[in-house]
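One structure is given here, and the rest of the page talks about it.
Computed from a predicted structure; not experimentally measured. Basis for what follows: all heavy atoms, side chains included, without hydrogens, waters or symmetry-related copies.
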Amino acid sequence: FILVTSSGNYHFYIVNRFDSLIYEHDLVKSTSQDEKIDETSYYYQMIAHASLDNLDQKLSEKNNVLFYPNIDHHNNWNISAYVTPGFLRFIILYDMANNDGIKNFFQNVYETYIKLLLNPFYQHNSKIVSDAFDQKVKAAAKKFLSI
């Protein structure tokens, strides 16, 4: 089993304070979905979840930073994170360096998440299944990650 990716691929996850995955989105440059990407979605989740230990270590340093670039590295994937004041963790796997774009993407998605919290039908810390949220994540990826 060989994983083949092209440059500029991102896999984005939101993990709540209880370490539960509440949102995931593959942000792949190509418009056609490769079957290998679908077959390995749990592989990407495993990488993202494993990086939470490194993030927790950085959080214990109490430096009051929201954006953590390059918290981990696995094969061809780098991992960066963004931690909100409510301890929601945004994790992104990427194969092409773009720290400024990733930071701006995280900030934009966080603003979108705050707006989602204002929706009385969304239960805090539950899985995000909103099509509007998906569209805004895609728009932020297109704007800041050049997807």
Side-chain angles (χ1 to χ4, degrees), residues 3 5-31 33-34 37-38 40-147:
L3 177 64
T5 60
S6 63
S7 160
N9 293 317
Y10 300 86
H11 300 279
F12 174 63
Y13 302 94
I14 300 177
V15 179
N16 67 15
R17 67 179 319 132
F18 307 109
D19 290 340
S20 296
L21 181 66
I22 62 171
Y23 183 80
E24 66 179 304
H25 197 79
D26 293 332
L27 304 163
V28 182
K29 258 189 175 180
S30 65
T31 56
Q33 285 287 358
D34 186 359
I37 291 172
D38 290 337
T40 60
S41 64
Y42 292 118
Y43 174 73
Y44 299 128
Q45 287 178 15
M46 184 267 314
I47 294 170
H49 219 79
S51 69
L52 290 175
D53 291 336
N54 287 345
L55 179 59
D56 288 343
Q57 183 179 4
K58 292 196 181 288
L59 289 172
S60 69
E61 297 168 4
K62 299 193 188 302
N63 52 9
N64 296 326
V65 176
L66 297 176
F67 178 60
Y68 294 88
N70 302 319
I71 61 166
D72 204 355
H73 181 80
H74 183 77
N75 290 341
N76 296 332
W77 296 99
N78 294 305
I79 298 106
S80 291
Y82 186 90
V83 181
T84 70
F87 204 65
L88 194 69
R89 276 98 26 108
F90 295 173
I91 307 288
I92 195 162
L93 282 67
Y94 57 96
D95 58 0
M96 186 176 82
N98 182 4
N99 282 341
D100 290 336
I102 290 171
K103 182 178 181 180
N104 291 331
F105 170 76
F106 280 151
Q107 290 171 339
N108 189 284
V109 172
Y110 180 50
E111 289 174 14
T112 303
Y113 180 76
I114 289 173
K115 292 175 185 173
L116 177 70
L117 287 177
L118 297 175
N119 182 342
F121 299 108
Y122 175 70
Q123 184 179 5
H124 184 60
N125 284 322
S126 66
K127 194 150 184 83
I128 301 171
V129 292
S130 167
D131 288 335
F133 189 85
D134 275 342
Q135 293 304 318
K136 290 183 180 182
V137 168
K138 287 179 190 176
K142 188 173 186 178
K143 182 175 182 180
F144 298 112
L145 304 177
S146 302
I147 292 189

What orientation do Y113 and H124 show, parallel under 30°, tilted 30 to 60°, or perpendicular over 60°? tilted
Parallel, tilted or perpendicular: which describes the rings of F12 and F106, with under 30° parallel and over 60° perpendicular? tilted
Partners meeting side-chain contact (heavy atoms from CB on, under 4.5 Å) with I114 (sequence neighbours left out): Y110
With sequence neighbours left out, the residues meeting side chain to side chain donor-acceptor pair (under 3.5 Å) with N108 are none
What I'd like to find out is whether the side chain of N98 reaches to under 4.5 Å of the side chain of F144, using heavy atoms alone. no
Measure from the side-chain N and O atoms of N78 to the backbone N and O of N70, and report whether any donor-acceptor pair falls under 3.5 Å. no
Among all residues two or more places apart in sequence or in another chain, which pass the side chain to side chain donor-acceptor pair (under 3.5 Å) test with N54? D72
Minimal heavy-atom distance between A48 and Y13, with the atoms involved, is CB-CD1, 3.6 Å
Using a 4.5 Å cut-off on heavy atoms from C-beta on, say whether the side chain of L145 contacts that of I102. yes
If we count only N and O atoms by modelled type, under 3.5 Å, do the side chains of Y43 and H74 hold a donor and an acceptor together? yes
Quick check: do V109 and Y82 have side-chain heavy atoms less than 4.5 Å from each other? no
H73 side, atom NE2; L93 side, atom CG - distance, nearest 0.5 Å: 11.0 Å
Would you indicate whether E61, at its atom CD, is surrounded by more than 12 heavy atoms from other residues, nucleotides or ligands within a distance under 6.0 Å? yes
Looking at every heavy atom in both S51 and I71, which two are closest together, and how far apart are they? O-CD1, 3.7 Å
Minimum-distance pair of heavy atoms, taken over all atoms of P69 and S80: CA-OG, 3.4 Å
Can you tell me how far apart NZ (K115) and OG (S130) are? Round to the nearest 0.5 Å. 12.5 Å
For a 4.5 angstrom cut-off between non-hydrogen side-chain atoms, does W77 reach Y44? yes
Are N104 and Q107 side-chain neighbours, meaning at least one heavy-atom pair lies under 4.5 Å? yes
With sequence neighbours left out, the residues meeting ring pair (Phe, Tyr, Trp, His ring centres under 6.0 Å) with F133 are Y23
When you look at CG of D19, are more than 12 heavy atoms from neighbouring residues, nucleotides or ligands closer to it than 6.0 Å? yes
So, using ring pair (Phe, Tyr, Trp, His ring centres under 6.0 Å) as the criterion, who are the partners of Y94 when residues are at least two apart? none
Give, for atom OH of Y10 and atom NE2 of H25, the distance between the pair rounded to the nearest 0.5 Å. 13.5 Å
Say you draw a straight line from CD1 of I91 to CD of E24; how long is it, rounded to the nearest 0.5 Å? 13.0 Å
Where is the tightest heavy-atom contact between Y122 and K127, given as atom of each residue plus distance? CE1-O, 3.9 Å
Atom pair CD1/CD1 of I14 and I22 - distance to nearest 0.5 Å: 5.5 Å
Check whether R89 reaches the backbone of N16 with its side chain - one donor and one acceptor, N or O, closer than 3.5 Å. yes
Under 4.5 Å between any side-chain heavy atoms of S20 and N125, yes or no? no
Rounding to 0.5 Å, atoms CG (D134) and OG1 (T112) come to a distance of 11.5 Å
With H49 via side chain to side chain donor-acceptor pair (under 3.5 Å) - residues at least two apart: none
